[in-house]
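Remarks on the structure that follows.
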Amino acid sequence: MSTPTEEPRPPFPPFDAESAAKKVRAAENAWNTRDPEKVSLAYTADTVWRNRSEWVRGREEVVAFLTRKWERELDYALRKSLWAFADNRIAVRFQYECRDADGQWWRCYGNENWEFADNGLMRRREASINDLRITEAERRIVGAREEGDESDLPV
């Protein structure tokens, strides 16, 4: 029997276009909550991440990492887009915008490679991220995606 922290997360691999797109949207929606505990439940207990040059291992480190992230990345709003999929892997493109404590706005964008366990939890996440200073007037992403919004990443 699964423990609450290892609750299966459909859709399950192997992915097709529809199930991969659902997984991407679920991840976007979860990250836009900015709730580290909630987000961490989509990952295996022994998940391994590379985020920029930082390595994160296990859910406890995921929660600590995300807590630090959202304490410094204020008004965080994210969009993800399916890039590719095969078997138990999904690749995404993403953009997010946030401001720092000094009020400087940032657009961060890049790619992530994901690998899933059979129960639909992500066991590996590798993210390459670039940062661009922007003005508040240059923002393209404000808040979580509206219901029914199927648009791709803003350009």
Side-chain angles (χ1 to χ4, degrees), residues 1-100 106-132 134 140-141 143-145 149-155:
M1 176 188 271
S2 296
T3 65
T5 59
E6 286 291 328
E7 194 67 34
R9 290 281 177 117
F12 304 113
F15 299 109
D16 59 20
E18 181 181 351
S19 61
K22 283 182 182 177
K23 207 59 139 170
V24 171
R25 185 57 56 86
E28 176 185 304
N29 291 343
W31 279 62
N32 275 323
T33 69
R34 292 175 262 168
D35 180 339
E37 292 287 341
K38 178 180 180 174
V39 171
S40 75
L41 296 177
Y43 300 89
T44 60
D46 62 350
T47 191
V48 175
W49 289 15
R50 182 186 55 77
N51 197 87
R52 301 174 192 259
S53 61
E54 184 174 353
W55 287 92
V56 176
R57 289 178 172 79
R59 281 213 190 111
E60 284 183 26
E61 288 186 20
V62 166
V63 170
F65 171 85
L66 293 173
T67 299
R68 287 190 316 273
K69 173 183 180 63
W70 290 322
E71 285 174 350
R72 73 177 181 276
E73 293 181 349
L74 308 173
D75 297 320
Y76 174 96
L78 168 71
R79 297 293 183 275
K80 290 184 182 283
S81 177
L82 178 62
W83 185 262
F85 63 91
D87 302 320
N88 68 335
R89 293 184 172 93
I90 295 175
V92 299
R93 299 177 304 140
F94 67 88
Q95 290 182 25
Y96 68 86
E97 293 176 350
C98 61
R99 65 177 173 82
D100 61 27
W106 296 91
R107 180 172 303 125
C108 306
Y109 57 95
N111 303 298
E112 293 177 331
N113 295 313
W114 301 343
E115 181 181 293
F116 291 86
D118 291 342
N119 64 0
L121 297 176
M122 194 183 303
R123 67 176 164 217
R124 189 168 187 91
R125 174 185 171 268
E126 296 190 21
S128 297
I129 305 170
N130 301 291
D131 302 311
L132 177 66
I134 61 172
R140 302 187 295 218
I141 304 170
R145 192 183 294 259
D149 177 357
E150 297 300 324
S151 62
D152 201 0
L153 295 176
V155 227

Notebook entry, point to check: Does Lys69 come within less than 4.0 Å of Glu73, counting only side-chain N to carboxylate O?
Noted result: yes
Note to self: Rounded at 0.5 Å granularity, tell me how far OG1 in Thr33 sits from CH2 in Trp70.
What the structure shows: 6.0 Å
Item checked: Closest contact, heavy atoms only, Ile129 versus Cys108 -> CG2-CB, 4.0 Å
Note to self: Taking side chain to side chain donor-acceptor pair (under 3.5 Å) as the definition, give me every residue that meets it alongside Asp100, ordered by chain and number, with sequence neighbours left out.
What the structure shows: Trp106
Next item on the list: Could you pull out all residues at least two apart from Arg34 that satisfy salt bridge (charged side-chain N to carboxylate O under 4.0 Å, His left out)?
Entry: none
Check: Rounded to the nearest 0.5 Å, how far apart are NZ of Lys22 and CG of Leu82?
Finding: 13.5 Å
Check: Can you tell me how far the CZ atom of Arg9 sits from the OH atom of Tyr43, to the nearest 0.5 Å?
Finding: 10.0 Å
Item checked: Trp83 CH2 to Phe94 CZ distance, which is reported to the nearest 0.5 Å -> 12.5 Å
Margin query: Looking at every heavy atom in both Tyr109 and Arg107, which two are closest together, and how far apart are they?
Written below: CD2-O, 4.1 Å
Checklist line | Inter-residue atom distance Leu41.CG - Glu6.CD, 0.5 Å rounding | finding: 9.5 Å
Margin query: Would you say CG of Asp118 has more than 12 non-hydrogen atoms from neighbouring residues, nucleotides or ligands within 6.0 angstrom?
Written below: no
Item checked: Test salt bridge (charged side-chain N to carboxylate O under 4.0 Å, His left out) applied to Arg25 - qualifying residues, sequence neighbours left out -> Glu150
Margin query: Listing request: all salt bridge (charged side-chain N to carboxylate O under 4.0 Å, His left out) pairs with a residue in residues 76-96, at least two apart in sequence or in separate chains.
Written below: Lys80-Glu112, Arg89-Glu115, Arg93-Asp152
Next item on the list: Answer yes or no: is there a donor N or O on one side and an acceptor on the other, between the side chain of Lys23 and the main chain of Pro11, under 3.5 Å?
Entry: yes
Checklist line | Phe65: partners by ring-ring contact (aromatic ring centres under 6.0 Å, His included), with sequence neighbours left out | finding: Trp49
Check: Between Glu54 and Arg68, is the closest basic N to carboxylate O distance under 4.0 Å?
Finding: yes
Margin query: List the residues meeting side chain to side chain donor-acceptor pair (under 3.5 Å) with Ser151, not counting sequence neighbours, and say none if there are none.
Written below: Asp149
Margin query: Which heavy atom of Pro13 sits nearest to which heavy atom of Phe116, and what is that distance?
Written below: CG-CB, 4.2 Å
